[in-house]
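A short worksheet on the structure shown next.
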Amino acid sequence: MIKVSIETDLSGIEKKISERKEMTVRALEGAVISSCDPYVPYNTGRLCSSAHPSGSGDIGEVTYSADYAAVCYYANREFSKKKHPLATAQWFEAAKISDIEKWIYVAKGCLVGGTSYTSGAHLKPYEFSAAVY
């Protein structure tokens, strides 16, 4: 009989996992902003350019800080399609329907250190809310 002893040093692993999760959330925030862009009503561009990542730690959030963002987001009307043909209220929901698979791909790529995946059916994406106020 052979006895084997294995020693593993896991010091610092929690920090690395936490850093990877935060990096993933930041990447997802950027992907969400990019995905939402064609759905955001566009007149002067102020609303579109007011989007910024506003989450902290492993909580992701995208905020549209234009003073009229909430009015547009929750509007019950049609928007001009002249500059953004896909413009709609609740643009985050429209982008999510369109790009959820891309977001899963981004998350997987970040979480595993850049490895590419083609299917994300079994991975639940982080929940994001489009914070508007």
(Q) Counting C-beta onward and ignoring hydrogens, is there a side-chain heavy-atom pair between Ile100 and Trp103 closer than 4.5 Å? (A)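 Result yes, sub-4.5 Å side-chain heavy-atom pair found.
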Q.
Would you say that Leu47 contacts Cys72 through its side chain, given a criterion of any heavy-atom pair below 4.5 Å between the two side chains?
A.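 The answer is yes; the side chains approach within 4.5 Å.
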Q | Hydrophobic cluster partners of Val4 (side-chain heavy atoms under 4.5 Å) | A |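 Val4 clusters with Ile2, Ile6.
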Q | Donor-acceptor contact present, side-chain Glu29 to main-chain Glu61, <3.5 Å | A |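 The answer is yes, because a donor-acceptor pair under 3.5 Å joins these two groups.
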Q) Is Ser18 reaching over with its side chain to a backbone N or O of Glu14, donor-acceptor style, under 3.5 angstrom? A)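 Checked: no pair found.
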Q. Any link between Val62 and Tyr68 through a network of hydrophobic side chains (Ile, Leu, Val, Met, Phe, Trp, Tyr) touching at under 4.5 Å?
A.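 Yes, one cluster joins them.
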Q | Transitive ILVMFWY side-chain link Leu86 to Tyr74, under 4.5 Å | A |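 Shared cluster, yes.
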Q) What heavy-atom pair brings Ser80 and Ala87 nearest, and what distance separates the two atoms? A)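 Minimum heavy-atom separation between Ser80 and Ala87: O-CB, 3.8 Å.
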Q: Kindly give the heavy-atom pair with the smallest separation between Ala89 and Ala75, and that separation in Å.
A: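 That closest heavy-atom pairing would be CB-O, 3.4 Å.
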Show me the donor-acceptor pairs within less than 3.5 Å that the side chains of residues 37-44 make with the rest of the protein, sequence neighbours left out.
unit_1, atom_1, unit_2, atom_2, d
Tyr39, OH, Ser98, OG, 3.4
Thr44, OG1, Arg46, N, 3.3

To the nearest 0.5 Å, tell me how far [X] [atom1] sits from [Y] [atom2].
{"X": "Leu111", "Y": "Lys21", "atom1": "CG", "atom2": "NZ", "value": "9.5 Å"}
{"X": "Cys48", "Y": "Lys83", "atom1": "SG", "atom2": "NZ", "value": "11.0 Å"}
{"X": "Ile33", "Y": "His52", "atom1": "CD1", "atom2": "NE2", "value": "8.0 Å"}
{"X": "Trp91", "Y": "Cys36", "atom1": "CH2", "atom2": "SG", "value": "8.5 Å"}

(Q) Would you say CD of Glu78 has more than 12 non-hydrogen atoms from neighbouring residues, nucleotides or ligands within 6.0 angstrom? (A)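 No, because the 6.0 Å sphere around CD of Glu78 holds 12 heavy atoms or fewer from other groups.
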Q.
One pair to check against salt bridge (Lys or Arg N to Asp or Glu O under 4.0 Å): Glu19 and Lys16. What are the steps and the verdict?
A. CA-CA 5 Å; Glu19 288 171 354; Lys16 288 179 183 179; over 6 Å; no
